[in-house]
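Numbered from 1 within each chain, the chains take letters A, B, ... in sequence-line order.
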Amino acid sequence: MPPSFEALISQNIGRIQYIARRYARGEDSEDILQEILLQLWRSYKTFEANSSVETWLYRVALNTAITWVRKSAKQKKVSQIVQMLHLDVSLPGQESCQGAIFEQFMDALNDADANVLMMYLDGLPAIEIAAVIGVSANAISARISRLKRLFEQTYIGE
Amino acid sequence: MNFDNLKDEWVKKINVTSVNVEYNLTSLDGELKSLNKKINNRDLWVLFQALAAIPFVIYFAITHSSKSGQELMVILTCLFVCLLSPCYYWSARKPSLKNLNSMHGFLQSEEVRLVKQIKITKYSLLLSVFGWLFIAYSVVNTMLSNNPLLPLILVEIVGYWWYLKEMKIYNKCKYLLKDVTTQLDDMKV
């Protein structure tokens, strides 16, 4: 039996907010958040707990965010600007705390890599990440290995 | 910091206390936002049509001193569009959402709003039927008497093409209302 919708949202609001902020900033991210909540609400009725809550949530949230960004040319421009800003601030070594490193690393990644990393850090197995992203589990494993190498090269040194 | 430490950071990020989740749930209003955007666009069209019809009323009033039945019909039609469109425009104004501090309050407001929206859309569908009749009449009239109605016809065609989208809005409202009503019923249980 899946949890009630409100409980589910309460438990996962952090994830959803992060995804929304990942794709836009300010009011735009609130719009995405709204859209994600709406789609979750709609698809909640068909969610039968065949997959884990996280997998379902990521699938709906990422698809909604990506669709939202694609639909709006304006958002696309904003997204590009945000990406440029990310590039500007993603120089390693300027911040020392772990939270800042995390942000820098995530910001420097493209959306596909960041999405995979989010799910990986959330403990989803490669096969479930693959189901959300739509590629093979092997490709996910390879991508995670590459991300690990990238992180180590950037922040730990070769 | 190594790669595995990222997990700790991620957990910190997502473990935000649910800041006013009730408020966030009101973001289900997002669907209504897109709906209202469409409605606003539609309202602008109605207003545009009303304004576009005014010069034709003046034109016919000035140039046709002895009015035949046909010409009178055209004038009356234009007047009808002129007068009704603003009325419709104002009547279609959305009720504001109230009582947003709880999920239940939100859904109640939504229910009220959707019921009103459905009524309004029915009205605009009626208006669109009239619009198509007017187009048919104008086309025939133009062909028979070579009246300079073509610009008005074009305006009306574009305008009432837009009205066809009304049906979509209507269906969307009904769908949403069903959702909202179900949610409210669930809460009562």
What about A/Val53 and A/Tyr18, same hydrophobic cluster or not, with Ile/Leu/Val/Met/Phe/Trp/Tyr joined at side-chain heavy-atom distances under 4.5 Å? yes
Examine whether an atom of A/Ile16 lies under 4.5 Å from a heavy atom of chain B, and if so say whether it belongs to the side chain, the backbone or both; otherwise answer neither. neither
The interface call for A/Tyr120 against chain B, heavy-atom contacts under 4.5 Å, is both
Close contacts, residues 57-64 of chain A versus chain B, judged by heavy atoms under 4.5 Å: A/Tyr58
Spatial distance of atom CG (B/Leu6) from atom NZ (A/Lys148) [nearest 0.5 Å]: 10.5 Å
Hey, does the Lys NZ or Arg CZ of B/Lys7 hover above the aromatic six-ring of A/Phe102, less than 6.0 Å from the centre and inside 45° of the axis? no
A/Asp122 versus chain B, the contacting section by heavy-atom distance below 4.5 Å: both
Working to the nearest 0.5 Å, report the span between CH2 of B/Trp10 and CE of A/Met119. 9.5 Å
